[in-house]
Every structure is written in structure tokens, then in C-alpha cells.
Undergrad: 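Sharing a structure, written as C-alpha cells. Questions coming.
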Amino acid sequence: MSGDHLITDDETRQIAEGFLEASPWLGDVTWQRIIVGPAASLLVELREMSSGEDDELPAGNRWSWKVNFSDPSGERTHLTHEKVLKGLNEIVYGDHEGAKGWGFLKVQQWYVEPTQERQRLTLSTGDKSSICQYGLYGKTVFPTGKESSLGGDKLDFFKEQRSAITSETDSE
């Protein structure tokens, strides 16, 4: 992948925001602006000693984001640009068979789109949730809100039987 196809910090932040929006069971959410790069730890220490926050960073360093939160068990964890990229890589390059593989086709297509086109496309909150969960846990742990279907409606093999049961109870 060439340098002009890189997934930006803004794109990964939007994915993390979608994950948090779709996950009301996550608590104590706090966002941070962080420095990443070869001199990040030194720059953080220097900024803590100074009174102001300077937006200019040395070459090779950049501003990014980090979000901290608690999972349902109360364990503190966090997402960063790098963890979201890890989740994307797991979904795009991982071995996913059957229904799970079908469910990831949209994410895989989004990932390979040219940058300008990709930035105009929107992933569903379920897709964003899957990406972040793969980045955090290497698998889907919490419900993502995605339906099990190929055509958009929830797949229900017993739909005809359910409508017959419903009409019988309505006539009583």
C-alpha cells in the first residue's frame, strides 16, 4: 500500500466514535490528544513542565488521539489510532470463513478504496464496532448491532411459521 492510501487519524477516530456510540455499556469515556513518534515520551515530559501547549512538533512526530473507557466488567482499556488499524488489518487480512467472512466484505471494500473515495464512504456502527473489538480483543466480544443477512433484512428461516402463529393468536 502506498503512502497516499494511508488511513488517517481522523478516519480511525470516527471509527472509534462509532464503536462508543454503539456500545452504551462502556463507561467512563475520556478522550485525550496525544503525541506519537520517535521523541513522543520526551515531548510529553517537556510539555508537562511548560505552561503552554505548542502545536508544532519536531519532524517524525504528530498529534493523535486516545480514548480511555471501562468495559462491562469494570476493566479500564483504551483505543488509539494504532489499535484501530490493528483491528482493520485483522478483518481485512484475517481468515474469516462463512457468515463472518460475508459480514466483513463491506469493511474490506472500504479499506481498499482510494483515499478520496474512502473518506466519502461511511461504515455502519456495527462495522465500526467489529473493527474496534478486533483491535482490542482479536475477536468480536460484544454485540455489534449487525444483522445476520445478505439482503438487508434479518435472516429468519422460520418467518412463514411465525406469521402463521401470529395470525392464530390474533384470531383467538
Side-chain angles (χ1 to χ4, degrees), residues 1-26 29-44 46-47 52-69 71 77-153:
M1 190 178 313
S2 67
D4 61 347
H5 190 81
L6 295 176
I7 308 286
T8 66
D9 283 79
D10 287 339
E11 289 174 288
T12 57
R13 182 180 172 119
Q14 290 171 1
I15 291 170
E17 288 170 347
F19 167 62
L20 293 170
E21 182 182 308
S23 309
W25 53 85
L26 300 175
V29 176
T30 56
W31 288 90
Q32 292 177 281
R33 187 175 180 209
I34 62 170
I35 302 169
V36 293
S41 59
L42 176 63
L43 289 168
V44 169
L46 290 173
R47 290 191 188 289
E53 189 174 290
D54 183 19
D55 285 342
E56 291 185 38
L57 298 173
N61 292 281
R62 64 181 169 76
W63 288 106
S64 191
W65 59 270
K66 179 179 180 179
V67 61
N68 300 297
F69 53 90
D71 69 14
T77 190
H78 68 276
L79 277 170
T80 60
H81 173 73
E82 289 74 18
K83 283 191 178 184
V84 173
L85 289 179
K86 178 183 174 211
L88 272 168
N89 282 327
E90 290 281 330
I91 288 174
V92 172
Y93 298 112
D95 186 22
H96 308 289
E97 296 178 4
K100 187 182 284 189
W102 280 99
F104 290 153
L105 287 176
K106 184 177 179 184
V107 174
Q108 292 168 344
Q109 180 184 348
W110 178 86
Y111 187 80
V112 298
E113 290 286 333
T115 302
Q116 288 183 332
E117 194 62 32
R118 183 186 66 238
Q119 291 176 347
R120 283 182 265 199
L121 301 173
T122 305
L123 291 169
S124 71
T125 54
D127 291 329
K128 292 174 182 179
S129 181
S130 293
I131 291 166
C132 291
Q133 289 185 56
Y134 267 81
L136 289 166
Y137 311 112
K139 61 183 177 180
T140 304
V141 179
F142 308 112
T144 62
K146 292 167 113 177
E147 299 293 348
S148 303
S149 74
L150 299 177
D153 294 329

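What you see is a predicted model, and the numbers here were worked out from it, not measured in a lab.
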Undergrad: For E21 and T125, indicate whether the former's side chain and the latter's backbone hold a donor-acceptor pair under 3.5 Å.
TA: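 Absent.
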
Undergrad: Rounded to the nearest 0.5 Å, what's the gap from CH2 on W65 to CD1 on I34? Could you check?
TA: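 Atom-to-atom, W65:CH2 and I34:CD1 are 8.5 Å apart.
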
Undergrad: Does the distance from a Lys or Arg side-chain N to an Asp or Glu carboxylate O, for E11 and R118, drop under 4.0 Å?
TA: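 R118 and E11: salt-bridged.
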
Undergrad: From L88 CG over to Y111 OH, what is the distance, rounded to the nearest 0.5 angstrom?
TA: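 So the CG of L88 and the OH of Y111 are separated by 6.5 Å.
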
Undergrad: Given 3.5 Å as the limit, does a donor-acceptor pair link the side chain of Q133 with the main chain of V141, or not?
TA: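 Flag set: sc Q133 to bb V141 pair under 3.5 Å.
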
Undergrad: H78: what forms a ring-ring contact (aromatic ring centres under 6.0 Å, His included) with it, not counting sequence neighbours?
TA: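 With sequence neighbours excluded, H78 shows a ring-ring contact (aromatic ring centres under 6.0 Å, His included) to no residue whatsoever.
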
Undergrad: To the nearest 0.5 Å, tell me how far K83 NZ sits from I131 CD1.
TA: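 Those atoms lie 16.0 Å apart.
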
Undergrad: Between T140 and K100, is the side chain to side chain contact (heavy atoms under 4.5 Å, CB included) condition met? List the steps.
TA: CA-CA 10 Å; T140 304; K100 187 182 284 189; 5.6 Å; no

Undergrad: Of all the heavy-atom pairs spanning V84 and I15, show the shortest one and how long it is.
TA: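 Minimum heavy-atom contact is CG1-CG2, 3.9 Å.
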
Undergrad: Quick one: OG1 on T12 to CD1 on I7, what's the gap to the nearest 0.5 Å?
TA: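 Nearest 0.5 Å value for the OG1-CD1 distance: 8.5 Å.
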
Undergrad: Which heavy-atom pair separates A16 from C132 by the least distance, and what is that distance?
TA: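 So the minimum-distance heavy-atom pair works out to CA-SG, 3.8 Å.
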
Undergrad: Are any side-chain N or O atoms of H96 and backbone N or O atoms of L105, one a donor and one an acceptor, separated by less than 3.5 Å?
TA: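 No, because the side chain of H96 does not come within donor-acceptor range (under 3.5 Å) of the backbone of L105.
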
Undergrad: Q119 and T8: which non-hydrogen atoms are nearest, and at how many Å?
TA: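 For Q119 versus T8, the nearest heavy atoms are NE2-CG2, 3.8 Å.
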
Undergrad: Is any side-chain heavy atom of L121 less than 4.5 Å from a side-chain heavy atom of E113?
TA: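 Side-chain contact under 4.5 Å: yes.
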
Undergrad: Please tell me if the side chains of I91 and S130 come closer than 4.5 Å, counting only heavy atoms from C-beta onward.
TA: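 I91 vs S130: side chains touch.
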
Undergrad: With under 30° as parallel and over 60° as perpendicular, where do the rings of F69 and F19 fit, or are they tilted in between?
TA: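 Judged by the thresholds at 30° and 60°, the geometry between F69 and F19 is perpendicular.
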
Undergrad: Do the non-hydrogen side-chain atoms of V36 and N61 ever get within less than 4.5 Å of each other?
TA: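 With C-beta onward as the side chain, the pair stays apart.
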
Undergrad: Stepwise, does the side chain to side chain contact (heavy atoms under 4.5 Å, CB included) test hold for D71 with L26?
TA: CA-CA 5 Å; D71 69 14; L26 300 175; 4.2 Å; yes

Undergrad: Determine the minimum heavy-atom distance between G103 and D127, stating which atoms define it.
TA: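 Scanning both residues, the minimum pair turns out to be O-OD1, 4.1 Å.
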
Undergrad: Can you confirm whether more than 12 heavy atoms, excluding those of Q109, are under 6.0 Å from its CD atom?
TA: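 At most 12 heavy atoms, drawn from other residues, nucleotides or ligands, come within 6.0 Å of this atom.
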
Undergrad: Only counting residues at least two apart or in another chain, list the ones meeting side-chain hydrogen bond (donor to acceptor under 3.5 Å, both in side chains) with T77.
TA: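 So T77 forms no side-chain hydrogen bond (donor to acceptor under 3.5 Å, both in side chains) with any residue.
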
Undergrad: Side chains of Y134 and N89: do they bring a donor and an acceptor to under 3.5 Å?
TA: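 No, N89 and Y134 have no side-chain donor paired with an acceptor closer than 3.5 Å.
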
Undergrad: Between R120 and Q116, what is the shortest heavy-atom contact and its length?
TA: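 Taking R120 first and Q116 second, the nearest heavy atoms are NE-O, 3.2 Å.
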
Undergrad: With side chains defined as the heavy atoms from C-beta onward, is the minimum distance between E17 and W31 less than 4.5 Å?
TA: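 In short, these two side chains touch, coming nearer than 4.5 Å.
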
Undergrad: What distance do T122 atom OG1 and K128 atom NZ have between them, rounded to the nearest 0.5 Å?
TA: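 Rounded to the nearest 0.5 Å, the OG1-NZ separation comes to 6.5 Å.
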
Undergrad: Enter the distance from L136:CG to T80:OG1 here, rounded to the nearest 0.5 Å.
TA: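 Those atoms lie 9.0 Å apart.
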
